[in-house]
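Right, one structure below, let's go through it.
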Amino acid sequence: MAGRIMLKRDSGKLIFATIRDRSGDLQLFISKAAVGDESFASIKKLDLGDWIGANGTVMTTRKGELSVKPERLELLAKAVRPLPDKWHGLNDTDTRFRQRYADLIVNEQARRTFEVRHEIISSFRRTLHEHGFTEVETPVLHVESGGAHARPFTTHHNTLDMQLYLRIALELHLKRLIVGGMERVYEIGRIFRNEGISTRHNPEFTMMELYQAFGDWNDVMEISETLITQAARDAIDTTVITIRGEEIDLAEPWPRIRMVDAVSERLGQQVHPSQPVEELRSLAEAHGIRWEERWGGGKLVEALFEALCEADIVRPTFITGHPTEISPLARADRADPWLTERFEIFVDSRELGNGYSELNDPVEQRRRFEDEQLAKEAGDVEAGTIDEDYLRALEYGMPPTGGLGIGMDRLVMLLADVGSIKEVILFPTLRHEVI
RNA sequence: GCCUUCCUAGCUCAAUGGUAGAGCAGUGGACUUUUAAUCCAUUGGUUCAGGGUUCGAGCCCCUGGGAAGGCACCA
């Protein structure tokens, strides 16, 4: 067997060493008599952190610990740097994130978190496979930056001499594949947003997006529950998690609340994006929201929701019926053109996912893009532009489709029960280290 | 970008403005059944960097760097 020396207890002619590989810890019982004087002397010189290989027999010590008694022991790789404190581990977040290798060596918690991450992602792939979805890969380098409200990273291709954007969403390419007749596609991929860094935001993060032809928002809400509940079973062996001290069973149906109803209930008066914008502005002002001139009723309703309702959401909840104004790619509600057939999944006040019945009318989509373009020209740096190729795709005919996006990093945070996104990303974005 | 807090040995942490320390790791020694082994001895410092105040600064002040949390933005 092979492993890294994590602990060493030297009692003269007998050395106990705890070695670790990815499957766990094992004790070596190294007897001077069994390995010979010369070899024993070199084993005495081994340090914590060294990688060794050993051949021997399985035995039990007097205290009953299963051990291996080596006849031969080989140094595989020397650790020149000392390991962090064997008892206290590595606490300094700066060192833990910059030197993740050291963090993983000594912190069990860090190893577990990334195992949970792996189990969640592979669980998603299994569930989606069972539902007949095809995994695809779409470009990271985009000519147009679309599919979400976010500031992109820009880059440049030398030979083509063209400006490119790192993708901020997977959406528009995946829906092109629905036009192409692939019917059920998904991608789990990295996206990039040139925005602030916080406990919930990293400039590059992992998104799962799926699109299902002949489905709508109700179908993808159902898939959301299935994906996440099954991921919990696979990754942490339970669907019951504790959020803010409250025990919550993910397997129970998630409440569905319309955004306008949540705000109305909170305010004690009906709110709707169709009402005069002045009324909504004064409501916003009454609650300390700094609104902007270009905001319509829809944006104001969203701002009210964020200010008044978001903080109170603990258990997974579908907030539905987002205003059309803030949902340029979602199909309008068949019963209310001011709202869309859209939902966001909120858990513990954080947005975890987003989905809707996709807008598949190229004429209506062009109108929405034009509104985006106007907002961009008016100074909204996150607004999109008119993606002519996407419109051309829609003109070939996109079947009615339901779409869903889930922020994988935040899902890992939820199930692994860690408070910072840096804990679920192996190498989070940090400033330059001054050495 | 803003606010608050933090940065001392390889790691985890101490140190009223008055000689920079402990535990672990390392080094030397004792020990053939340990479990963070134990015991004896011992090495190790540009106190994040630079400036200032002071007889004297790890500690007070200023500037810069990095981190964490919060706010803003967002998923």
Side-chain angles (χ1 to χ4, degrees), chain A residues 5-18 25-35 40 44-49 59-67 69 79-99 102-103 105-107 147-152 168-171 191-209 288-290 302-303 306-307 310 326 344-347 349-355 380-382 405-411 413 419-423 428 430-435:
Chain A
I5 304 175
M6 298 308 295
L7 292 169
K8 214 173 82 172
R9 297 172 289 279
D10 180 346
S11 60
K13 300 187 179 65
L14 191 60
I15 299 171
F16 298 90
T18 304
D25 290 0
L26 176 72
Q27 177 167 275
L28 295 185
F29 178 98
I30 305 160
S31 155
K32 189 173 185 178
V35 296
F40 194 77
K44 279 222 178 215
K45 290 204 178 74
L46 292 174
D47 291 314
L48 301 187
M59 56 162 289
T60 307
T61 63
R62 213 172 274 171
K63 292 273 171 69
E65 177 152 346
L66 192 68
S67 305
K69 185 176 183 179
V80 181
R81 285 179 186 265
L83 246 39
D85 195 288
K86 69 184 179 188
W87 185 244
H88 300 96
L90 190 58
N91 273 355
D92 183 60
T93 48
D94 190 41
T95 313
R96 286 187 48 228
F97 299 147
R98 279 187 207 284
Q99 302 180 37
D103 186 35
I105 291 171
V106 295
N107 289 330
H149 280 103
R151 302 176 70 166
I168 57 170
L170 311 174
E171 178 156 359
I191 65 178
F192 307 84
R193 299 189 181 176
N194 204 340
E195 285 157 356
I197 294 177
S198 78
T199 48
R200 295 168 295 282
H201 302 89
N202 195 67
E204 50 179 308
F205 63 103
T206 300
M207 184 79 103
M208 188 291 303
E209 287 192 30
I289 299 162
R290 280 199 320 248
E302 185 193 36
E306 286 172 359
E310 226 177 80
I326 57 163
E344 285 181 303
I345 305 162
F346 280 89
V347 190
S349 302
R350 287 199 282 260
E351 189 192 334
L352 197 66
N354 179 23
D380 183 349
V381 288
E382 288 165 3
I406 291 177
M408 299 305 289
D409 311 273
R410 288 190 176 174
L411 178 59
M413 287 172 68
S420 168
I421 199 166
K422 292 191 174 81
E423 298 286 354
L430 298 170
R431 282 191 167 83
H432 267 303
E433 183 181 13
V434 183
I435 299 180

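Lettering of chains follows the sequences in order, A, B, ..., and the numbering in each one begins at 1. Treat the numbers as computed from the prediction; the structure is a model and nothing was measured.
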* Option among A/K86, A/K8, A/R9, A/E65 that satisfies the side-chain contact (heavy atoms from CB on, under 4.5 Å) test with A/T18 ->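 Running side-chain contact (heavy atoms from CB on, under 4.5 Å) over A/K86, A/K8, A/R9, A/E65 with A/T18 returns exactly one hit, A/R9.
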Side chain of [X] only, please: which of [options] is the nearest?
X      : options                : value
A/R410 : B/rA75, B/rG66, B/rA68 : B/rA75
A/S31  : B/rC71, B/rG66, B/rU32 : B/rU32
A/D47  : B/rA67, B/rU27, B/rU35 : B/rU27
A/W87  : B/rA36, B/rA75, B/rC31 : B/rA36
A/I421 : B/rA75, B/rC31, B/rA67 : B/rA75
A/K32  : B/rU35, B/rA67, B/rU32 : B/rU32
A/T61  : B/rU32, B/rU27, B/rU35 : B/rU35

* From A/L430 CG over to A/D94 CG, what is the distance, rounded to the nearest 0.5 angstrom? -> 6.5 Å
* To do: Working to the nearest 0.5 Å, report the span between CZ of A/R151 and CD1 of A/I168.
  => 12.0 Å
NA contact type, [X], heavy-atom cut-off 4.0 Å: base, sugar-phosphate, or nothing?
X      : result
A/K422 : sugar-phosphate
A/L430 : sugar-phosphate
A/F29  : base
A/T18  : nothing
A/N354 : nothing
A/E382 : sugar-phosphate
A/A33  : base
A/D25  : nothing
A/T93  : sugar-phosphate
A/R193 : base

* Going by 5.5 Å between centroids and 30° between planes, is there a stack of A/F16 over B/rA37? -> no
* Hey, which sits more toward the 5' end of RNA chain B by its nearest nucleotide, A/G196 or A/A34? => A/A34
* Assign each of A/P203 and A/L14 to its nearest nucleotide of RNA chain B by heavy atoms, then name whichever residue's nucleotide is nearer the 5' end. => A/L14
* To do: May I ask you to decide whether A/R96 forms a salt bridge with A/E423, counting only side-chain N to carboxylate O separations under 4.0 Å?
  =>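 The answer is yes: the pair qualifies as a salt bridge.
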* Do you know which two heavy atoms are closest between A/A17 and A/I30, and how far apart they sit? -> CB-CD1, 4.3 Å
Under a 3.5 Å limit for both distances, which nucleotide forms a Watson-Crick or G-U wobble pair with [N], could you say?
N      : answer
B/rU33 : none
B/rC13 : B/rG21
B/rC59 : none
B/rC2  : B/rG70
B/rG45 : none
B/rU53 : none

So which protein nitrogen or oxygen atoms get under 3.5 Å of nucleotides 5-12 of chain B's nitrogens or oxygens?
from	atom 1	to	atom 2	distance (Å)
B/rC11	O2'	A/D85	N	3.0
B/rC11	O2'	A/G89	O	2.7
B/rC11	O2	A/D85	OD2	3.1
B/rU12	OP1	A/N91	N	2.9
B/rU12	OP1	A/D92	N	3.0
B/rU12	O3'	A/N91	ND2	3.1

Using atom names, set out every protein N or O paired with an N or O of nucleotides 44-50 of chain B below 3.5 Å, distance rounded to 0.1 Å.
none

